[in-house]
Amino acid sequence: MTSAPLSRRGFLTLASAVGVTAVVRPSLAVAATGPILKPIPPEWFVAFGTNAEMRWDSVDPRRYRTTQERLFVRNHTATPTIDAASYRLRIFGDGLRTPRAEADAVSLSLADLRALPQTSLTAVHECTGNGRRFFAAQQGQPAAGTQWSLGSVGTVRWDGVRLRDVLASVGLDAGAVSIQAAGLDDPYVTGGVDHGRVRRPFPVAKALEDALLAWGADGDPLLPDHGFPLRLVLPGWVGIASIKWLGSLEVSTSELTSPWNTKWYRMTGGDFAADSPPLTVNPVRSAWELAWDATLPARPVRLTGRSWSGAAPIARVDVSLDGGRSWRPAVLDRAGRQEQGWTRWSVQWAHPRPGSHELLARATDALGRTQPAVAAYNDNGYFFDAVVRHPVRVA
Ligand SMILES: Nc1nc2c(c(=O)[nH]1)N[C@H]1C(S)=C(S)[C@@H](COP(=O)(O)O)O[C@H]1N2
Ligand SMILES: [Mo]
């Protein structure tokens, strides 16, 4: 990895911004055991078994992108170790110009893929369940699943090849409509049922628009936890769409299904119709670069945060420093901002008064999609997009 950890100065700046006295440095010499192989120091991550969430108070306001070492991890089972030399991506189905059974799949090595035009793409990468814990904490209605705060998100610069170039080289039938991406991690077993390998179909239209087969990020190979040696990236879409450890693509002239689009990653319960469609584009969300219950000094302070949308760039962010009584626009930082990445913003708090306060941030994207006061309840706690009330103490 070439990505350097946060500099000492970075930590001091961050620490002074939130009034923390001790400067902490993550201990990276942690042995790789368990479902996640990279170090997940508690200064950077909150661990949830097979998953790990990025701590927003560990984000350096001066860095736009999320490096792999800082990126959240969401594993259904455990990170597999895959040999790059013998790795092959298998492509089959009746949606290829020459239809192929699975046993007769086109087999592509990493070298085959690298021979195609290479490209990079910077986009928000986010789990569908990001913010899930606020269904309980803020709306009094708990939803089952990993109790993420707002840290199952990042903005990553992926390196790879466009899926449309790969499909063109293999030969796509004009009647193809659906592609099923399947991972090489262990089958997902829950409640005594083996659901098979993690896999999810997506429309050919998305494949031709902006899908990427990524072998790296920021010029480095993918880390095992993030899909080494190859993953799919569907920019702007729910994280589950970006299948890691990509083993195969089935291209079909009929709609494909899997439990990951019929049973999970669609809205069920609450006010949702039984046949509501599989989730695709992520909603609008915002986070402060602060610890939960952070203590701030009783003097002028510049607060920072980020907002993002799966559909369009962020157009404006309104913030409230008094629990929602008064609002003002945050100053958007356009530096380094990418079309499909998040937007950094800041606000000057001139007179923080000692006591307890709630900070609110509400973003609106260029399509006019904005964050509601209340997120629509659903059984699996997907898409918590409401404005989060972030408590701080001024002392
Ligand atoms: N093969 C496979 N792909 C997967 C998953 C998985 O468990 N197995 N998890 C999905 C989910 S739910 C998310 S949010 C993203 C997380 O990607 P990351 O761990 O690289 O951040 O990967 C998706 N792709
Ligand atoms: Mo996810």
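We count ligands from 1, going down the list as the structure has it; atoms in each ligand are counted the same way.
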Please tabulate, for side-chain N and O atoms in residues 131-141, each donor-acceptor pair with protein atoms closer than 3.5 Å (sequence neighbours left out).
| unit_1 | atom_1 | unit_2 | atom_2 | d |
| --- | --- | --- | --- | --- |
| Arg132 | NE | Asn380 | O | 2.8 |
| Arg132 | NH1 | Thr146 | O | 2.8 |
| Arg132 | NH2 | Asn380 | O | 3.1 |
| Arg133 | NE | Ser149 | OG | 2.8 |
| Gln138 | OE1 | Arg389 | N | 2.8 |
| Gln138 | NE2 | Val387 | O | 2.7 |
| Gln139 | OE1 | Ala375 | N | 2.7 |
| Gln139 | NE2 | Ala375 | O | 3.1 |

Residues Trp260 and His76: side-chain donor-acceptor under 3.5 angstrom: yes

CG (Asp271) with more than 12 external heavy atoms under 6.0 Å: no

Nitrogen or oxygen of His226 less than 3.5 angstrom from that of ligand 1: yes

Identity and distance of the protein heavy atom lying nearest atom 2 (C) of ligand 1: Asp185 OD2, 3.4 Å

Test item, Arg231 contacting ligand 1 (heavy atom, 4.0 angstrom): yes

Residue-ligand contact Gly227/ligand 1, heavy atom below 4.0 Å: no

Candidate with minimal heavy-atom separation from atom 17 (O) of ligand 1, of His125, Gln68, Met54: His125

Closest protein heavy atom (residue, atom, distance) for atom 9 (N) of ligand 1: Arg74 O, 3.3 Å

Atom 15 (C) of ligand 1 [closest protein heavy-atom partner, distance rounded to 0.1 Å]: Gly239 O, 3.5 Å

Aromatic ring pairing Trp292/His390, orientation class (parallel under 30°, perpendicular over 60°, tilted between): tilted

Residue pair Leu279 / Met267, side-chain heavy-atom distance below 4.5 Å: yes

Where ligand 1 meets Asn75 - atom numbers and elements under 4.0 angstrom, heavy-atom basis: 7 (O)

Identity and separation of the nearest protein heavy atom to atom 21 (O) of ligand 1: Phe72 O, 2.8 Å

Subset of ligand 1 atoms that lie under 4.0 Å from at least one heavy atom of Cys127: 14 (S)

Non-hydrogen atom of Tyr265 closer than 4.0 Å to ligand 1: yes

Flag for Arg74-Ser152: side-chain donor and acceptor within less than 3.5 Å: no

Atoms in ligand 1 flagged as close to Gly183, the criterion being non-hydrogen separation under 4.0 Å: 1 (N)

Closest protein heavy atom to atom 24 (N) of ligand 1, given as residue, atom name and distance to 0.1 Å: Ser242 O, 3.0 Å

Identity and distance of the protein heavy atom lying nearest atom 19 (O) of ligand 1: Lys244 NZ, 2.6 Å

Ring centroid separation His357 to Trp349 under 6.0 Å: yes

ILVMFWY network linking Trp158 to Val153, side-chain heavy atoms under 4.5 angstrom: no

Distance-only donor-acceptor check, side chains Gln371 and Ser286, under 3.5 Å: yes

